[in-house]
> 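I'd like to ask some things about the structure below.
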Amino acid sequence: MALQILLNLIIAFVWMFLYNDWSSSRFTVGYLLGMACIGLLNRFWPHDFYMKRVWAVIKLLSLFMRELVISSFAVMIQIVRPSLAIRPGIFALRTELKSDWEITILSCLICLTPGTLTLDVARDGRILYIHAMDIEDAEMLTNQIRGTFEKAIMEVTR
Amino acid sequence: MNTEMIKAIGETMIGLIVLVGSLIGALSAFGLIRLPDVYLRSHAATKSATLGVLLILTGAFLYFAFYLEHVSAKLLLGIVFVFITSPVAGHLNGRAAHRTGVPLWERSVQDDLAGIYGQEKEVRERDPS
């Protein structure tokens, strides 16, 4: 992956040299051209095309933004309601992610979305203890986190 | 006339973004006073504030970029740093509170973490490595 990015940068610089033009627009055109070349030769690389991973990162970010807005409004509605009709609690989430980075990113994303807060990670890193503002159904919350964040993170890292 | 109108509309939109952001900030401050225990308060303090800060800084960034012709990377860096630091702070506050035995609100429904620290301690005493 690093090799592909390096090659892409080299193509962009060669393009700039050929035009003898050092503007950022020329660099952008060269970079896009290099991206197209590398993408078309995708089959001959031992690894996947790196833009696939960039795309996965963008998908993860947009998913996170959506969750952030939705759950912020849910939390704010709970705060301004005249009677506190919430049932907070701590539930354990068994995660399938393995490396430290994946678990760190997952727990940060859980912390950032309102309504859920990672309290602790088990010593082996397989179980996250999450404080949720409103537990109707711990099973449902678990499935929700698994279906959205865990899947998106796996797409980025694997 | 047209450009004048577009400018006015754009300015109003940016004003609305900043206004919504500050309203969210005010609401989360209200939640900080109102909610009953440490864990719920940290929800209000660290979470709604992230969206509020995001909206205010985005509004400022758009205003600088379109009306003063100055792309301010510092504002974007501000967003990035808030998003890196606020979950860590929330997590550590909650963890420290639970470790020192701050009780949950009496209407909490479940606590899967309750017995874990005791077990950990026993394991460590039995096998100090």
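Every heavy atom of this structure was used, including side-chain atoms; hydrogens, water molecules and symmetry mates were not. Keep in mind that what you see is a predicted model, and the values were worked out from it rather than measured. Labels below follow one simple rule: chain letters A, B, ... track the order of the sequence lines, proteins then strands, and each chain is numbered from 1.
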> Would you compute the distance between atom NE2 of His131(A) and atom NE2 of His91(B) and round it to the nearest 0.5 angstrom?
14.5 Å
> Before you tell me yes or no, could you show the steps for Tyr39(B) and Leu119(A) under side chain to side chain contact (heavy atoms under 4.5 Å, CB included), namely the whole-Å CA-CA distance, both residues' side-chain angles and the distance that decides it to 0.1 Å?
CA-CA 9 Å; Tyr39(B) 310 101; Leu119(A) 278 188; 4.1 Å; yes
> Given heavy-atom pairs under 4.5 angstrom as the criterion, report whether the side chain, backbone, both or neither of Ser107(A) touches chain B.
neither
> Do Asp120(A) and Arg99(B) come within less than 4.5 Å of each other through their side chains, counting heavy atoms only?
yes
> For chain B, which of Ile127(A), Thr104(A), Leu68(A), Ile130(A) has the most heavy-atom pairs under 4.5 Å?
Leu68(A)
> Which distance, rounded to the nearest 0.5 Å, do you find between the CZ of Phe83(B) and the CG of Leu61(A)?
10.0 Å
> Checking heavy atoms, do the side chain of Leu54(B), its backbone, both or neither come under 4.5 Å from chain A?
side chain
> Apply the test side chain to side chain contact (heavy atoms under 4.5 Å, CB included) to residues Thr118(A) and Arg95(B): give CA-CA distance (whole Å), side-chain angles for both, the deciding distance (0.1 Å), then the verdict.
CA-CA 8 Å; Thr118(A) 328; Arg95(B) 185 181 140 103; over 6 Å; no
> If you apply the rule side chain to side chain contact (heavy atoms under 4.5 Å, CB included), what do you find for His43(B) with Leu117(A), and how did you get there?
CA-CA 7 Å; His43(B) 280 292; Leu117(A) 173 72; 3.8 Å; yes
> Using the side chain to side chain contact (heavy atoms under 4.5 Å, CB included) rule, take Ile24(B) and Ser72(A) through it: C-alpha gap first, then chi angles, then the decisive distance, then the call.
CA-CA 9 Å; Ile24(B) 290 172; Ser72(A) 281; 5.9 Å; no
> How far does CD1 of Ile79(A) sit from CG of Leu27(B), to the nearest 0.5 angstrom?
6.5 Å
> Rounded to the nearest 0.5 Å, what separation is found between the CE atom of Met133(A) and the CG atom of Leu35(B)?
5.0 Å
